[in-house]
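Some notes on the structure that comes next.
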Amino acid sequence: MPNTVLVGAQWGDEGKGKIIDVLTAQADLVIRFQGGSNAGHTVIVGGRKHVLHLIPSGILHDGKICLIGNGVVIDPLELLDEMRLLESQGYVVRGRLFVSDRGHAVMSYHRALDAAQEQARAEGRKIGTTGRGIGPGYADKINRAGLRLGDFLAPDFAARVRAHVEAANRELAALHAPALDADAIADRYVTAAAALKPLIVDTVAMVHAADRAGKSLLLEGAQGTMLDIDFGTYPFVTSSNPTAGGACIGSGLSPRRVDRVVGVIKAYTTRVGAGPFPTECMGEDGDLLRARGGEFGATTGRPRRCGWFDAVVGRYAREVNGVDFWAMTKLDVLDTLPGIKICVAYEHAGRRLDTLPADVAVLDACRPVYEEMPGWCCETSHLTRFEDLPTNARAYVARLVELCGGRLGILSVGPGRENTLRLAL
Ligand code: IMP
């Protein structure tokens with residue numbers, strides 16, 4: 001398989017976990033490149049549901065090597081819990097999973113800061129973060145004040161953790177949040193460091209060696225384009241670059257060594273957390289999509305906001321990421337609808353907009369311009385060939401691809417590996 005970057009094209013929760021799982025069969029190395037345990041990649045294997053937050057979903061395939069790249073913010077305690085759970089289910093993790101020594105740690109004080117900062121935000125400015133410490137973790141990285149996984153092996157590690165907790169306590173005090181116990185936290189991370197030591201390596205060198213040896217690399221994005229710190233609906237975004245450019249920054253692979261980009265896009269739209277969402281359906285249609293699509297957060301359990309497909313977002317995601325192929329997911333969720341709307345443009349202050357405005361206040365005021373297509377009103381989950389889909393379903397998918405550009409590579413019509421129509425990937 002050519003070196004492949006896989007990204008989410010909407011606000012996350014596009015079903016990336018399943019598509020990565022499908023593509024992993026052809027990859028040698030799977031690499032996470034950004035985000036942290038805010039992600040929740042759901043994969044169903046043999047009827048058993050796995051939700052992975054930090055470990056690449058490639059771990060569910062025997063023999064594949066999985067890397068957590070330098071661009072990820074890594075919660076070491078969460079990582080150890082996830083490893084234990086997988087091991088208890090019979091998966092071999094050690095010897096197959098490696099963590100970048102350049103990756104920054106998300107510590108318990110980052111979580112405390114995340115909660116306190118969110119609490120302190122005024123109504124209307126709350127982001128609705130996952131509470132996993134992601135923003136404060138990345139802030140320390142950019143501020144050159146972070147602890148990297150490589151530091152976990154240093155002789156003065158415990159003292160450094162204590163100093164960080166004390167610094168965090170000053171910030172927490174300013175936010176009227178309780179202080180944390182520096183000694184207890186340092187002890188916990190010293191124990192975690194010993195357990196993680198064999199996994200902490202120079203993953204950048206591993207990526208280069210694998211690429212030189214002609215291995216196939218699959219770079220796994222978390223979240224989605226519209227949550228990108230640069231290209232998303234700022235400030236209602238995450239603190240990293242889930243877009244294709246982030247894959248190189250977060251792994252060390254040269255942009256010249258990326259062969260193709262796969263964009264994962266749901267056949268409708270969801271968003272969890274606050275921020276503009278032009279095609280959101282507040283009534284019955286939204287409830288139906290949520291119920292049929294099981295649209296509840298894999299990490300937080302929060303109900304997701306649901307709405308129609310937004311082709312302005314799809315086009316934007318194709319451009320920002322250079323999407324070659326789409327993996328479209330959850331078409332089957334639409335099986336019972338008699339009519340389906342597609343947002344083809346926005347209307348703002350009496351003008352038609354075909355591109356995504358940068359200002360969230362403008363996006364908030366945009367009204368979707370819809371076209372409506374007839375539904376197909378029959379089950380599609382059992383189908384295994386694109387040609388066997390009902391005519392209206394094929395027409396709907398074709399229209400989405402036409403509006404967004406690019407080519408359809410995979411169409412997913414159910415949660416299992418078997419509910420996957422392979423077209424060009
Ligand atoms: P944070 O990444 O926890 O700081 O949250 C920032 C925003 O990104 C919030 O709106 C979250 O709901 C959203 N978010 C973060 N991770 C995910 C994800 O994996 N799927 C969907 N939304 C996410």
Side-chain angles (χ1 to χ4, degrees), residues 6-20 32-43 50-57 71-75 78 82 104 106-108 110-121 124-142 220-243 246 250 264-266 268-277 280 290 293-307 313 317 329-330 360 363-364:
L6 181 140
V7 292
Q10 295 153 315
W11 278 278
D13 307 318
E14 297 91 351
K16 294 180 292 295
K18 171 186 163 165
I19 304 300
I20 294 156
R32 262 288 298 270
F33 60 81
Q34 50 65 235
S37 59
N38 50 351
H41 289 167
T42 306
V43 186
H50 302 268
V51 182
L52 297 162
H53 299 284
L54 266 173
I55 299 180
S57 346
V72 179
V73 285
I74 302 144
D75 181 330
E78 184 86 30
E82 212 165 301
H104 279 251
V106 171
M107 309 288 277
S108 52
H110 290 126
R111 280 186 180 235
L113 283 166
D114 193 358
Q117 288 168 359
E118 183 74 351
Q119 171 87 28
R121 286 187 188 106
R125 302 213 58 87
K126 290 191 193 297
I127 295 167
T129 73
T130 60
R132 297 296 191 271
I134 304 301
Y138 275 116
D140 271 358
K141 170 178 175 172
I142 299 302
E220 163 179 345
Q223 290 84 48
T225 302
M226 300 306 291
L227 290 170
D228 187 283
I229 185 86
D230 286 274
F231 302 108
T233 47
Y234 189 91
F236 302 100
V237 291
T238 192
S239 300
S240 65
N241 291 114
T243 42
V264 185
I265 198 157
K266 198 146 53 176
Y268 53 97
T269 312
T270 62
R271 161 161 218 176
V272 58
F277 178 1
E280 182 168 17
R290 186 173 311 104
E295 297 293 355
F296 296 88
T299 299
T300 59
R302 291 181 287 179
R304 296 180 186 142
R305 302 158 62 193
C306 297
V313 165
T329 59
K330 292 193 145 180
V360 282
L363 187 58
D364 237 348

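First listed ligand is number 1; within each ligand, the first listed atom is number 1.
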### Message
Walk me through whether Asp75 and Ser37 qualify under side-chain hydrogen bond (donor to acceptor under 3.5 Å, both in side chains).
### Response
CA-CA 7 Å; Asp75 181 330; Ser37 59; 4.5 Å; no
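With sequence neighbours excluded, the residues satisfying side-chain contact (heavy atoms from CB on, under 4.5 Å) with Ala116 are Leu172, Leu175, Ala177.
Distance alone, capped at 3.5 Å, is enough to place a donor-acceptor pair between the Glu82 side chain and the Ile55 backbone.
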Between ligand 1 and the protein, which N/O pairs fall short of 3.5 Å?
residue  : atom   : partner : partner atom : Å
ligand 1 : 2 (O)  : Asn38   : ND2          : 2.9
ligand 1 : 2 (O)  : Thr238  : OG1          : 2.6
ligand 1 : 3 (O)  : Thr130  : N            : 2.8
ligand 1 : 3 (O)  : Thr130  : OG1          : 2.6
ligand 1 : 10 (O) : Val272  : O            : 3.2
ligand 1 : 12 (O) : Gly128  : O            : 3.3
ligand 1 : 12 (O) : Val272  : O            : 3.0
ligand 1 : 12 (O) : Arg302  : NH2          : 3.0
ligand 1 : 16 (N) : Gln223  : NE2          : 3.3
ligand 1 : 19 (O) : Asn38   : O            : 3.4
ligand 1 : 19 (O) : Gln223  : NE2          : 3.4
ligand 1 : 20 (N) : Asp13   : OD1          : 3.2

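With contacts defined as side-chain heavy-atom distances shorter than 4.5 Å, the pair Val237/Ile229 qualifies.
Pairing each heavy atom of Tyr234 with each of Val360, the nearest pair is O-CG1, 3.3 Å. Taking each heavy atom of Val106 and Gly133 in turn, the nearest pair found is CG1-O, 3.8 Å.
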